[in-house]
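One structure is given below, encoded as C-alpha coordinates.
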Amino acid sequence: GRGFAFRRKQKIEQQYRKLLKKRRQVPSRQDDQFTDTYPEHLKHLYLAEEEKLKKQRRTPDDSASSEEKLNKAAEFVLETMRCHCIVWPPDGDENKAKIFLMFSIREWSVVTQGKFKNKTSNQKAKEEYEKIKAEHARKKEEAEKRKQQREEAQRLYKKKKMEAYKILSKKTKKGQPNLNLQVEFLLQKIQQNT
(Lines give C-alpha, C1' and ligand atoms only; values in the text may rest on other atoms or scores of the structure.)
Protein backbone atom coordinates (compact mmCIF):
# COMPACT_ATOMS: atom_id res chain seq x y z
CA GLY A 1 0.00 0.00 0.00
CA ARG A 2 0.93 3.63 0.29
CA GLY A 3 3.03 4.09 3.39
CA PHE A 4 4.60 6.99 5.22
CA ALA A 5 7.24 7.55 2.51
CA PHE A 6 4.57 8.24 -0.10
CA ARG A 7 2.78 10.71 2.19
CA ARG A 8 6.09 12.46 2.95
CA LYS A 9 6.80 12.72 -0.79
CA GLN A 10 3.35 14.24 -1.44
CA LYS A 11 3.82 16.73 1.40
CA ILE A 12 7.18 17.86 0.01
CA GLU A 13 5.71 18.24 -3.50
CA GLN A 14 2.84 20.32 -2.09
CA GLN A 15 5.26 22.59 -0.21
CA TYR A 16 7.33 23.02 -3.38
CA ARG A 17 4.24 24.00 -5.41
CA LYS A 18 3.22 26.44 -2.68
CA LEU A 19 6.69 28.02 -2.78
CA LEU A 20 6.53 28.39 -6.57
CA LYS A 21 3.10 29.98 -6.29
CA LYS A 22 4.35 32.49 -3.70
CA ARG A 23 7.27 33.44 -5.95
CA ARG A 24 4.90 34.15 -8.82
CA GLN A 25 2.71 36.34 -6.62
CA VAL A 26 5.57 38.55 -5.37
CA PRO A 27 5.17 41.91 -7.17
CA SER A 28 8.17 43.04 -9.19
CA ARG A 29 10.06 46.14 -8.15
CA GLN A 30 8.74 49.50 -9.39
CA ASP A 31 11.87 50.09 -11.50
CA ASP A 32 11.51 46.86 -13.43
CA GLN A 33 7.81 47.42 -13.98
CA PHE A 34 8.24 50.33 -16.39
CA THR A 35 11.44 49.37 -18.22
CA ASP A 36 11.02 47.52 -21.49
CA THR A 37 12.86 44.26 -21.88
CA TYR A 38 12.90 43.07 -25.45
CA PRO A 39 13.86 39.67 -26.83
CA GLU A 40 17.44 39.80 -28.07
CA HIS A 41 16.66 38.83 -31.67
CA LEU A 42 13.94 41.54 -32.00
CA LYS A 43 15.57 44.26 -29.93
CA HIS A 44 16.78 46.32 -32.92
CA LEU A 45 13.23 46.51 -34.33
CA TYR A 46 11.71 47.71 -31.07
CA LEU A 47 14.46 50.27 -30.54
CA ALA A 48 14.06 51.61 -34.10
CA GLU A 49 10.32 52.02 -33.61
CA GLU A 50 10.89 53.74 -30.26
CA GLU A 51 13.35 56.15 -31.89
CA LYS A 52 10.86 56.90 -34.67
CA LEU A 53 8.12 57.69 -32.14
CA LYS A 54 10.48 59.99 -30.20
CA LYS A 55 11.29 61.92 -33.39
CA GLN A 56 7.60 62.34 -34.14
CA ARG A 57 7.03 63.71 -30.63
CA ARG A 58 9.93 66.16 -30.94
CA THR A 59 8.67 67.79 -34.15
CA PRO A 60 4.92 68.41 -33.86
CA ASP A 61 3.38 70.23 -36.82
CA ASP A 62 1.77 73.57 -36.04
CA SER A 63 -1.69 73.83 -37.54
CA ALA A 64 -0.89 77.24 -39.08
CA SER A 65 2.35 76.12 -40.73
CA SER A 66 0.74 72.95 -42.09
CA GLU A 67 -2.13 75.08 -43.45
CA GLU A 68 0.39 77.36 -45.19
CA LYS A 69 2.20 74.36 -46.66
CA LEU A 70 -1.11 73.02 -47.91
CA ASN A 71 -1.99 76.37 -49.52
CA LYS A 72 1.42 76.58 -51.25
CA ALA A 73 1.08 73.03 -52.53
CA ALA A 74 -2.43 73.79 -53.80
CA GLU A 75 -1.21 76.93 -55.61
CA PHE A 76 1.67 75.00 -57.18
CA VAL A 77 -0.62 72.24 -58.35
CA LEU A 78 -3.10 74.81 -59.64
CA GLU A 79 -0.35 76.48 -61.69
CA THR A 80 0.84 73.18 -63.15
CA MET A 81 -2.67 71.90 -63.81
CA ARG A 82 -3.97 75.12 -65.39
CA CYS A 83 -1.98 74.51 -68.54
CA HIS A 84 -3.23 70.92 -68.81
CA CYS A 85 -6.84 71.06 -67.68
CA ILE A 86 -9.23 73.54 -66.15
CA VAL A 87 -12.31 72.45 -64.26
CA TRP A 88 -15.04 74.99 -64.90
CA PRO A 89 -18.10 75.40 -62.73
CA PRO A 90 -21.49 75.46 -64.51
CA ASP A 91 -21.52 79.29 -64.96
CA GLY A 92 -17.99 79.33 -66.49
CA ASP A 93 -16.28 81.83 -64.11
CA GLU A 94 -12.45 81.36 -63.98
CA ASN A 95 -12.10 82.59 -60.36
CA LYS A 96 -14.63 80.05 -59.20
CA ALA A 97 -12.77 77.40 -61.17
CA LYS A 98 -9.61 78.09 -59.13
CA ILE A 99 -11.52 77.88 -55.84
CA PHE A 100 -13.23 74.69 -56.95
CA LEU A 101 -9.88 73.13 -57.81
CA MET A 102 -8.24 74.28 -54.61
CA PHE A 103 -10.97 72.69 -52.47
CA SER A 104 -10.82 69.43 -54.36
CA ILE A 105 -7.03 69.30 -54.02
CA ARG A 106 -7.18 70.09 -50.30
CA GLU A 107 -9.68 67.32 -49.71
CA TRP A 108 -7.58 64.91 -51.74
CA SER A 109 -4.38 65.76 -49.88
CA VAL A 110 -6.04 65.44 -46.49
CA VAL A 111 -7.53 62.09 -47.46
CA THR A 112 -4.25 60.75 -48.77
CA GLN A 113 -2.37 62.08 -45.76
CA GLY A 114 -4.70 60.22 -43.40
CA LYS A 115 -4.99 57.16 -45.58
CA PHE A 116 -1.31 56.34 -46.02
CA LYS A 117 -0.10 57.05 -42.47
CA ASN A 118 2.26 54.37 -41.21
CA LYS A 119 0.70 52.26 -38.51
CA THR A 120 2.55 51.09 -35.45
CA SER A 121 2.63 47.42 -34.57
CA ASN A 122 0.27 48.13 -31.69
CA GLN A 123 -2.31 49.70 -34.03
CA LYS A 124 -2.00 46.78 -36.43
CA ALA A 125 -2.47 44.34 -33.56
CA LYS A 126 -5.54 46.25 -32.35
CA GLU A 127 -7.07 46.18 -35.84
CA GLU A 128 -6.36 42.48 -36.14
CA TYR A 129 -7.92 41.92 -32.72
CA GLU A 130 -11.03 43.89 -33.70
CA LYS A 131 -11.39 41.85 -36.91
CA ILE A 132 -11.07 38.58 -35.00
CA LYS A 133 -13.50 39.79 -32.34
CA ALA A 134 -16.08 40.77 -34.98
CA GLU A 135 -15.62 37.41 -36.72
CA HIS A 136 -16.13 35.55 -33.43
CA ALA A 137 -19.24 37.60 -32.66
CA ARG A 138 -20.65 36.87 -36.12
CA LYS A 139 -19.93 33.15 -35.78
CA LYS A 140 -21.47 33.09 -32.31
CA GLU A 141 -24.60 34.80 -33.60
CA GLU A 142 -24.90 32.33 -36.49
CA ALA A 143 -24.44 29.39 -34.10
CA GLU A 144 -27.14 30.82 -31.83
CA LYS A 145 -29.55 31.13 -34.78
CA ARG A 146 -28.81 27.55 -35.88
CA LYS A 147 -29.34 26.32 -32.33
CA GLN A 148 -32.71 28.09 -32.08
CA GLN A 149 -33.82 26.68 -35.44
CA ARG A 150 -32.77 23.19 -34.41
CA GLU A 151 -34.60 23.47 -31.08
CA GLU A 152 -37.74 24.74 -32.84
CA ALA A 153 -37.57 21.86 -35.33
CA GLN A 154 -37.12 19.34 -32.51
CA ARG A 155 -40.04 20.84 -30.57
CA LEU A 156 -42.32 20.58 -33.61
CA TYR A 157 -41.14 17.03 -34.29
CA LYS A 158 -41.84 15.94 -30.69
CA LYS A 159 -45.26 17.59 -30.77
CA LYS A 160 -46.15 15.75 -33.99
CA LYS A 161 -44.84 12.47 -32.59
CA MET A 162 -46.86 12.92 -29.41
CA GLU A 163 -50.07 13.54 -31.37
CA ALA A 164 -49.42 10.44 -33.49
CA TYR A 165 -48.72 8.40 -30.35
CA LYS A 166 -51.92 9.57 -28.68
CA ILE A 167 -53.99 8.58 -31.73
CA LEU A 168 -52.26 5.23 -32.27
CA SER A 169 -52.24 4.21 -28.62
CA LYS A 170 -56.01 4.68 -28.05
CA LYS A 171 -57.75 1.51 -26.95
CA THR A 172 -61.31 0.31 -27.06
CA LYS A 173 -63.30 -0.43 -23.86
CA LYS A 174 -62.07 -4.00 -23.98
CA GLY A 175 -58.41 -2.90 -24.25
CA GLN A 176 -57.97 -3.67 -27.94
CA PRO A 177 -56.21 -1.16 -30.26
CA ASN A 178 -58.68 1.20 -31.98
CA LEU A 179 -58.15 0.31 -35.64
CA ASN A 180 -60.61 2.96 -36.94
CA LEU A 181 -58.43 5.78 -35.52
CA GLN A 182 -55.26 4.13 -36.84
CA VAL A 183 -56.70 3.84 -40.36
CA GLU A 184 -57.89 7.47 -40.26
CA PHE A 185 -54.42 8.57 -39.13
CA LEU A 186 -52.75 6.65 -41.97
CA LEU A 187 -55.25 8.16 -44.45
CA GLN A 188 -54.44 11.71 -43.27
CA LYS A 189 -50.72 10.98 -43.54
CA ILE A 190 -51.11 9.73 -47.14
CA GLN A 191 -53.21 12.79 -48.08
CA GLN A 192 -50.60 15.15 -46.65
CA ASN A 193 -47.76 13.52 -48.59
CA THR A 194 -49.62 13.74 -51.93
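One is the number of the first residue; the rest follow in order along the sequence. As the structure is a prediction and not an experimental result, all values here were calculated from the model.
- Considering CD1 of I12 and CZ of R17, their distance stands at 12.0 Å, rounded to 0.5 Å.
- Every residue meeting the side-chain contact (heavy atoms from CB on, under 4.5 Å) condition with L45, not counting sequence neighbours, appears here in chain and number order: L42.
- Using a 4.5 Å heavy-atom threshold, the side chains of K147 and R150 count as touching.
- For residues 155-179, the set of pairs meeting the side chain to side chain donor-acceptor pair (under 3.5 Å) definition, not counting sequence neighbours, comprises E152-R155.
- The other residues sharing a hydrophobic cluster with L20 are Y16, where clustering joins ILVMFWY side chains under 4.5 Å apart.
- Every residue was checked against the side-chain hydrogen bond (donor to acceptor under 3.5 Å, both in side chains) condition with Q182, not counting sequence neighbours, and none meets it.
- Qualifying side-chain contact (heavy atoms from CB on, under 4.5 Å) partners for K9, counting only residues two or more places apart in sequence or in other chains: E13.
- Looking at residues two or more places apart in sequence or on another chain, you find a side-chain hydrogen bond (donor to acceptor under 3.5 Å, both in side chains) between R138 and E135, E142.
- To the nearest 0.5 Å, atom CD of residue E50 and atom NZ of residue K55 are 13.0 Å apart.
- With sequence neighbours left out, the salt bridge (charged side-chain N to carboxylate O under 4.0 Å, His left out) criterion links E184 to no other residue.
- Note that CD of Q192 is 10.5 Å distant from CG of L187, once rounded to the nearest 0.5 Å.
- Taking I132 as the reference, E128, H136 meet the side-chain contact (heavy atoms from CB on, under 4.5 Å) condition, with sequence neighbours excluded.
- Other residues sharing a hydrophobic cluster with F185 under the 4.5 Å side-chain heavy-atom criterion for ILVMFWY residues are I167, L168, L181.
- Every residue meeting the side-chain contact (heavy atoms from CB on, under 4.5 Å) condition with Q123, not counting sequence neighbours, appears here in chain and number order: K119, T120.
- Scanning for salt bridge (charged side-chain N to carboxylate O under 4.0 Å, His left out) contacts around E51 gives R58, with sequence neighbours left out.
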